[in-house]
Amino acid sequence: MAVIAGNWKMHHGPEEVRGFFEKLDIFDVPASSELIIFPPAVSITTAVQAPDRDPRVMIGVQNVHWEALGAFTGETSSLMAAEAGATFALIGHSERRHVFGETDEETARKAAAIVAAGLTPVLCVGETLDERRAGAVDAVILRQLDAALDHLSKGSGRFLLAYEPVWAIGTGETATPADASAAHATLRGRLEEVLGVSKAARVPILYGGSVKPENAAELLAAPDVDGVLVGGASLKPESFAAIAAASG
Ligand code: 13P
């Protein structure tokens, strides 16, 4: 089973969302693959209600605040996203961490809120180029995982991880399948230490960073890569479908 997720970032308002689902053809996608789209918050309801959306394509929210409600202008809560029909939530995406300065502590608080609201969290981790050059990949991704893991593993507890090296996001530069596998094995090892081997095996670990139809099959075939989190190439229905079809 593979998870193919599209993070639309700040693209596709309601009108474009309807057009996307009108054109998305997932006939060639293996029945065992799980499909998730993360539209901008203002487009979640439209995505959920789009008459042409195949119910196999689930909808998630890209970011939430840790409080359920209150005086937080511009923010979206997990409960509200759930009410709008989202069933997944990204946490700690590299743009949240590096563009908006989100800390590990804030990420952990968001993880708790997402779990409490009954959404399935997808925690993103990943190192910058400087951190990679300094040999700190494992230290960085384990620190990011450790900060939220306690919350993620609480409750009924399904959650996913996404390894997204910051230097590979939106750059056309993709980690090699071996780089991805190495980082995923590090994450899996920590999950095994904390949750035990059988629970750890059930946590899908996705790779993200310049995934496209041309490289999806080899990344998805790499050991310990259970799916992909796709940015730019998920915006067009044809390329999202082509990546998802490579998950067979
Ligand atoms: P790109 O696929 O555009 O590199 O973005 C990756 C990403 O950040 C997905 O969350």
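Counting starts at 1 for both ligands and their atoms, in listed order.
With a 4.0 Å heavy-atom cut-off, ligand 1 is reached by no atom of Ala162. With a heavy-atom cut-off of 4.0 Å, Ile169 touches ligand 1 through backbone and side chain alike.
When only modelled atom types and interatomic distance are considered, Glu127 and Tyr163 share a side-chain donor-acceptor pair under 3.5 Å.
Ser234 does not count as a contact of ligand 1, since none of its heavy atoms falls under 4.0 Å from the ligand. Judged by the shortest distance from any of its heavy atoms, Gly170 lies inside the 4.0 Å radius around the atoms of ligand 1. In this structure, Ser210 is part of the shell of residues with a heavy atom less than 4.0 angstrom from ligand 1. Residue contact check for ligand 1: Lys9 places a non-hydrogen atom closer than 4.0 Å to it.
Pairs of residues two or more places apart, or lying in two chains, never qualify as ring-ring contact (aromatic ring centres under 6.0 Å, His included) while including a residue from residues 202-224.
Counting only distance, with no hydrogens or angles, the side chain of Glu218 and the backbone of Asn215 share no donor-acceptor pair below 3.5 Å. The main-chain N or O of Thr46 is never found under 3.5 Å from a side-chain atom of Gln49 such that the two would form a donor-acceptor pair. In this structure, Arg188 contributes its side chain and Glu192 its backbone to no donor-acceptor pair below 3.5 Å.
Looking at Gly232 next to ligand 1, an N or O pair under 3.5 Å apart turns up. The distance criterion of under 3.5 Å between nitrogen or oxygen atoms is met by Gly231 with respect to ligand 1. Annotation: Thr171 places no N or O atom under 3.5 Å from an N or O atom of ligand 1; distance criterion only.
Among all non-hydrogen protein atoms, the one lying nearest atom 9 (C) of ligand 1 is Glu164 OE2, 2.9 Å.
The aromatic rings of Trp8 and Phe20 sit perpendicular, their planes meeting at an angle over 60°, well past the 30° parallel limit.
Listed by number with element, the atoms of ligand 1 under 4.0 Å from a non-hydrogen atom of Leu229 are 9 (C), 10 (O). Atoms of ligand 1 found under 4.0 Å from any heavy atom of Ala168, numbered from 1 in the order shown, are 4 (O).
Only one option out of Glu102, Glu67, His65, Glu105 pairs with Lys110 in a side-chain hydrogen bond (donor to acceptor under 3.5 Å, both in side chains); it is Glu102.
For Glu238, the CD atom counts as densely surrounded, since its 6.0 Å shell holds more than 12 non-hydrogen atoms of other residues, nucleotides or ligands.
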